[in-house]
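Quick note on labels: first sequence line is chain A, next is B, and so on, each numbered from 1. All figures in this text were calculated on a predicted structure; none of them were measured in a lab. Just so it is clear, the values below take in all heavy atoms, side chains as well, and ignore hydrogens, waters and symmetry mates.
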Amino acid sequence: MTPFQEKVYYYCKKVPKGKVTSYKEIAKAMKTKAYRAVGTALNKNPYAPKVPCHRVINHDGSLGGFATGLKNKIKMLKDERVIITNGKIDRKYFFRFKQINTF
DNA sequence: CCGTTGACTCTTT
DNA sequence: AAAAGAGCCAACG
């Protein structure tokens, strides 16, 4: 296991239930720009289902993908009271690691 | 070490 | 607004 992936899982676990985040947000929290690598790391996800990787979606709000089937991902999100409209998740469900805005 | 690939994101048409 | 192209970084052969 690479340290990079461990960080990804670490931040992924920090996402509260009923909320989602984007690959880029995680990458930003890690102080890296490898949002692609974040997705690749979650795809391998050896810690599943210990790590709630289903709460990580695209920055656009679309679900992206899921190793065990995208449909399953949607199901889990709905199970956490996350409303998915037209295959996308509303911005209000997005979780920010940096809750303090400086402006 | 170089090239390919992927659960991405941004910019331009 | 939707689609295509380019940029991006880590992992793997």
Trainee: Considering residues at least two apart in sequence or located in another chain, which fulfil the ring-ring contact (aromatic ring centres under 6.0 Å, His included) criterion with Tyr11(A)?
Mentor: Phe97(A)
Trainee: I need the residues from residues 2-21 of chain A with at least one non-hydrogen atom less than 4.0 Å from DNA chain B; give them sorted by number, or say none.
Mentor: none
Trainee: Counting primed atoms plus P, OP1 and OP2 as sugar-phosphate and everything else as base, spell out the protein contacts along nucleotides 6-13 of chain B at 4.0 Å heavy-atom distance: B, S or - for each nucleotide, 5' to 3'.
Mentor: BBBSS---
Trainee: Return each pair, listed once, that meets salt bridge (Lys or Arg N to Asp or Glu O under 4.0 Å) where at least one residue sits in residues 75-85 of chain A; pairs must be two or more places apart or across chains.
Mentor: Arg55(A)-Glu80(A)
Trainee: Salt bridge (charged side-chain N to carboxylate O under 4.0 Å, His left out) with Glu6(A): which residues, sequence neighbours excluded?
Mentor: none
Trainee: Enumerate the ring-ring contact (aromatic ring centres under 6.0 Å, His included) contacts for residues 39-90 of chain A, please, sequence neighbours excluded, ordered by first and then second residue.
Mentor: Tyr9(A)-Tyr47(A)
Trainee: If a pair satisfies side chain to side chain donor-acceptor pair (under 3.5 Å) and one of its residues is in residues 27-46 of chain A, list it, with sequence neighbours excluded.
Mentor: Glu25(A)-Lys28(A)
Trainee: Kindly list each side-chain donor-acceptor pair under 3.5 angstrom involving residues 84-94 of chain A, sequence neighbours excluded, with atom names and distances?
Mentor:
residue: Lys88(A); atom: NZ; partner: Asp60(A); partner atom: OD1; Å: 3.4
residue: Asp90(A); atom: OD1; partner: Lys92(A); partner atom: N; Å: 2.9

Trainee: State which residues pass side-chain hydrogen bond (donor to acceptor under 3.5 Å, both in side chains) with Thr2(A); sequence neighbours excluded, sorted by chain then number.
Mentor: Gln5(A)
